[in-house]
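What follows is a set of notes on a single structure, which appears directly below.
In what follows, chains are A, B, ... by sequence order, proteins preceding strands, each numbered from 1.
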Amino acid sequence: MINITLPDGSTRKVESGTTAHDIALEISEGLARNVLAAEVNGEVWDPQREIHSDASLKLLTWNDDAGKNTMWHSSAHLLAEALEALYPGVKFWVGPPIEHGFYYDVDFGDQTFTDKDFAAVEQKMLELAKAKNPFIRKEISKADAIALFEAKGDEYKLDLLEGLEDGTITLYTQGNFTDLCRGPHMPHTGFVKAAKVMSIAGAYWKGDESNKQLTRVYGITFPKKQELTAYLELLEQARARDHRKLGKEMDLFAFSDKVGQGLPLWLPKGAELRSRLEDFLKEAQRKAGYQGVITPHIGNKELYITSGHYAKYGADSFQPIQTPSEGEEYLLKPMNCPHHCEVYKARPRSYRDLPVRFAEFGTVYRYEQSGELHGLTRVRGFTQDDAHIFCTADQVKEEVSNVIDLVLYIFKILNFEDFVVQVSLSDPENPEKYIGSDENWEKAERAIQEVAEEKGLNTIVALGEAAFYGPKLDFMVRDAIGRKWQLGTVQIDYNLPERFELEYVGADNSKHRPVMIHRAPFGSMERFVAILIEHCAGKFPLWLTPEQVKILPISDRFNEYAEGVSKVLENHDIRALVDDRSEKVGKKIRDAELEKIPYMLIVGESEAAEGTVSVRKQGEGDIGGLTVEAFAERIRSEIAEMLKKED
RNA sequence: GCCGAUGUAGCUCAGCUGGUAGAGCAACGCAUUCGUAAUGCGUAGGUCUGCGGUUCAAGUCCGCAUCUCGGCUCCA
């Protein structure tokens with residue numbers, strides 16, 4: 001007999017060899033029907049696998065991430081089975097679960113597979129699912145496994161086998177399909193009630209761009225049909241908020257083939273939105289003790305040789321600009337840090353001056369791979385809300401703390417409520433990868449972690465993810481429909497102060513090296529605006545939106561009164577326009593609603609007579625009449641309320 | 001950069017197996033003067049991404065280039 005401990009702390013005595021499925025059955029038949037996998041002593045197992053020693057057990061269903069992953073991993077095998085049935089001779093590499101569904105990397109050989117073939121594959125998958133074929137686990141010796149896949153002529157599985165140790169190799173079979181796989185899998189294929197092949201794409205074998213490309217087939221499955229429908233609706237919703245679509249519809253930005261790939265053009269409304277964000281951050285930074293600096297868009301190549309960026313990125317960047325002077329070369333600046341180092345060096349610094357914080361909305365140019373460009377989130381010319389803090393090692397903690405406060409303030413004002421903080425530290429196994437003294441690293445890593453903890457941030461620590469020049473802290477936000485984005489970043493840097501020989505005179509009258517902190521709360525204006533658009537689906541907060549109010553006269557006779565209202569609002573710094581087209585008010589309302597203008601003011605006979613406006617809020621409808629002054633006051637206080645969230 | 005798909009009016013899209021382009025919305029004009037999500041009529045707008053090729057004839061077929069999109073790789 002063995003003891004099984006369940007998550008609620010209760011213990012069951014069962015025969016050795018009992019499976020998780022058996023235990024689920026003891027609890028309830030309904031539960032047993034839904035168990036996809038089981039966590040046995042912290043390891044995810046097949047529910048059918050026999051347990052032979054005391055263990056802690058957690059039954060996993062569709063509601064657990066690990067349960068979902070198991071089903072999707074099994075679904076990848078189901079996909080493979082369907083593909084093998086329809087395309088005899090195809091070869092498979094790997095098929096893992098991903099955040100939404102799974103994929104399988106497939107070598108179709110001479111056969112073609114296009115999106116027109118998806119439906120047939122989906123049908124086959126469902127047919128195979130209906131058969132409720134069990135997933136059968138089999139341990140196999142390495143020699144037998146090699147023989148098996150050699151017979152099949154499957155070079156991919158043979159390659160996988162090379163990396164595996166004898167004694168740990170398992171095969172899984174469902175129906176007619178057998179795959180080399182560590183598992184675990186759900187009990188049988190019947191759990192899949194809905195299947196969709198989402199897309200195909202090329203993917204390098206082993207992720208190496210010098211290898212051949214396989215066809216990556218993406219799919220997703222669900223235990224209920226309606227969950228698939230809901231998922232497809234969510235995707236539809238995401239498409240509707242896509243910043244590329246909204247940016248075009250709302251006249252915020254554009255691209256031009258003539259100007260060049262990945263070089264955004266900010267249209268008047270987008271420019272206005274952006275500069276309002278910049279002003280907002282500038283004001284917050286001014287209060288936080290930053291000083292603005294301005295540096296040129298190009299820099300002598302020597303600058304980047306000193307910084308080390310030329311050696312690392314020179315070949316993949318916009319190439320140097322020649323001058324009439326022989327041998328003289330300039331680079332479009334790919335980052336602001338080297339310039340700011342030179343700002344620091346413009347005069348000798350004393351420990352009494354530190355910390356100094358140089359801020360600049362610095363436009364930089366990076367030659368991103370063409371296939372990498374994406375709307376405003378990945379471009380070749382963009383403006384960082386950059387700043388560099390130069391301080392002593394002892395000041396790092398407080399400075400990081402202040403930066404975090406600034407980022408949190410911004411998130412609060414802009415309603416990014418759901419975020420985690422990733423702390424990237426050095427890899428303890430490979431200390432030689434990093435520059436800077438052990439003492440300083442330890443100080444900085446401790447400082448970052450302590451600050452994160454003191455602020456009660458939801459933190460994940462990523463060992464080995466630090467940059468070679470220092471540890472960092474990144475904010476990952478979740479937008480309104482649950483997608484994750486990386487926004488603000490704080491990075492500690494021991495490298496550039498060294499390379500630029502930055503110094504300050506200490507209290508001991510000798511020279512010391514400052515620590516440099518890079519930080520960008522937005523990341524870049526382009527990226528941030530893109531994420532903001534998607535987060536709020538184009539309905540910007542009142543204080544940010546380019547057009548706050550549209551005045552809609554009932555007929556041309558009231559255009560004059562409407563203009564008067566507009567003037568009054570203008571005097572209150574409210575951005576209002578009159579829709580003086582000769583259209584019915586219903587049409588004007590519809591257009592203003594679609595333009596996502598927060599307030600519509602309908603004016604006609606009675607309003608003109610009484611000096612009032614009839615107020616309509618976007619998405620909410622008519623909210624009654626107010627005098628013009630009262631409306632202006634309402635807007636003013638609404639905005640004040642939004643910006644007042646300071647701690 | 002690589003794999004694949006795509007490019008038709010300002011926008012969203014039709015255009016079957018080759019026979020020199022069409023709709024809705026937007027724009028413009030006229031009429032209408034209207035009360036909370038679309039007034040009517042009319043006008044104008046296109047080297048069908050570009051360059052070559054096949055053909056009596058190319059938006060349609062082929063090649064190359066380019067852009068965009070989905071991924072991969074990359075992201076100082």
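Residues that satisfy the ring pair (Phe, Tyr, Trp, His ring centres under 6.0 Å) test with A/Phe113, not counting sequence neighbours, are A/Tyr87, A/Phe108, A/Phe118.
Among residue pairs with one or both ends in residues 237-247 of chain A, those qualifying as salt bridge (Lys or Arg N to Asp or Glu O under 4.0 Å) are A/Glu236-A/Arg239, A/Asp242-A/Arg244, A/Lys245-A/Glu249; sequence neighbours excluded.
In the region residues 463-473 of chain A, proximity to RNA chain B at under 4.0 angstrom, judged on heavy atoms, holds for none of the residues. Near RNA chain B, defined here as any heavy-atom distance below 4.0 Å, the residues from residues 309-317 of chain A are A/His309, A/Tyr313, A/Ser317, listed numerically. Near RNA chain B, meaning a heavy atom under 4.0 Å away, the residues from residues 611-623 of chain A are A/Ser614, A/Arg616, A/Asp622.
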Show me the side-chain donor-acceptor pairs of residues 92-105 of chain A shorter than 3.5 Å, one per line, residues at least two apart or across chains.
| unit_1 | atom_1 | unit_2 | atom_2 | d |
| --- | --- | --- | --- | --- |
| A/Tyr104 | OH | A/Lys157 | NZ | 3.4 |
| A/Tyr104 | OH | A/Asp179 | OD2 | 2.3 |
| A/Asp105 | OD1 | A/Arg216 | NE | 2.6 |
| A/Asp105 | OD2 | A/Arg216 | NH2 | 2.9 |

Distance-only criterion, 3.5 Å: show the donor-acceptor pairs between side-chain atoms of residues 460-472 of chain A and protein atoms not counting sequence neighbours.
| unit_1 | atom_1 | unit_2 | atom_2 | d |
| --- | --- | --- | --- | --- |
| A/Tyr469 | OH | A/Gln491 | OE1 | 2.6 |

Mind listing the side-chain donor-acceptor pairs of residues 609-616 of chain A below 3.5 Å, one per line with the distance, residues two or more places apart or on another chain?
| unit_1 | atom_1 | unit_2 | atom_2 | d |
| --- | --- | --- | --- | --- |
| A/Arg616 | NE | A/Glu593 | OE2 | 3.0 |
| A/Arg616 | NH2 | A/Glu593 | OE2 | 3.1 |

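Note on A/Ala201: a base of the nucleic acid sits closer than 4.0 angstrom, heavy atoms only.
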Are there any protein N/O atoms within less than 3.5 Å of an N/O atom in nucleotides 24-29 of chain B, and if so, which ones and at what distance?
| unit_1 | atom_1 | unit_2 | atom_2 | d |
| --- | --- | --- | --- | --- |
| B/rA26 | OP1 | A/Lys587 | NZ | 2.5 |

What nitrogen or oxygen pairs link the protein and nucleotides 47-52 of chain B at under 3.5 Å?
none

Short heteroatom pairs, N/O only, protein and nucleotides 64-68 of chain B, under 3.5 Å:
| unit_1 | atom_1 | unit_2 | atom_2 | d |
| --- | --- | --- | --- | --- |
| B/rC67 | OP1 | A/Gln261 | OE1 | 3.0 |
| B/rC67 | O2' | A/Asp257 | OD1 | 3.3 |
| B/rU68 | OP2 | A/Gln261 | NE2 | 2.7 |

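Here A/Glu501 does not pair with A/Arg513 in a salt bridge; the nearest charged N to carboxylate O distance is not below 4.0 Å.
Put simply, A/Lys212 has no side-chain N or O that comes within less than 4.0 Å of OP1 or OP2 on B/rC2. Considering only side-chain N and O atoms, A/Tyr218 lies under 4.0 angstrom from the phosphate OP1 or OP2 of B/rC72.
Put simply, NZ on A/Lys550 is 14 Å from C1' on B/rA37, counting in whole angstrom units.
Listed candidates were B/rU33, B/rA37, B/rA76. Nearest to the side chain of A/Arg557 is B/rU33.
Listed by first residue number, the stems of RNA chain B with at least three Watson-Crick or G-U pairs below 3.5 Å are B:1-5 with B:68-72, B:10-13 with B:22-25, B:27-31 with B:39-43, B:49-53 with B:61-65.
Side chain to side chain, A/Glu329 and A/Tyr310 fail the donor-acceptor criterion of an N or O pair below 3.5 Å.
For B/rG1, the base has a donor-acceptor partner in the side chain of A/Tyr204 [N/O atoms by modelled type, under 3.5 angstrom]. Not a single donor-acceptor contact under 3.5 angstrom links the side-chain atoms of A/Glu368 to the base of B/rG1. Judged by distance alone, with hydrogens and angles left aside, A/Arg378 brings a side-chain donor or acceptor within reach of the base of B/rC75, the pair sitting under 3.5 Å.
Where A/Gln213 and A/Gly604 meet RNA chain B, the nucleotide closest to each residue was compared, and A/Gln213 sits on the side nearer the 5' end.
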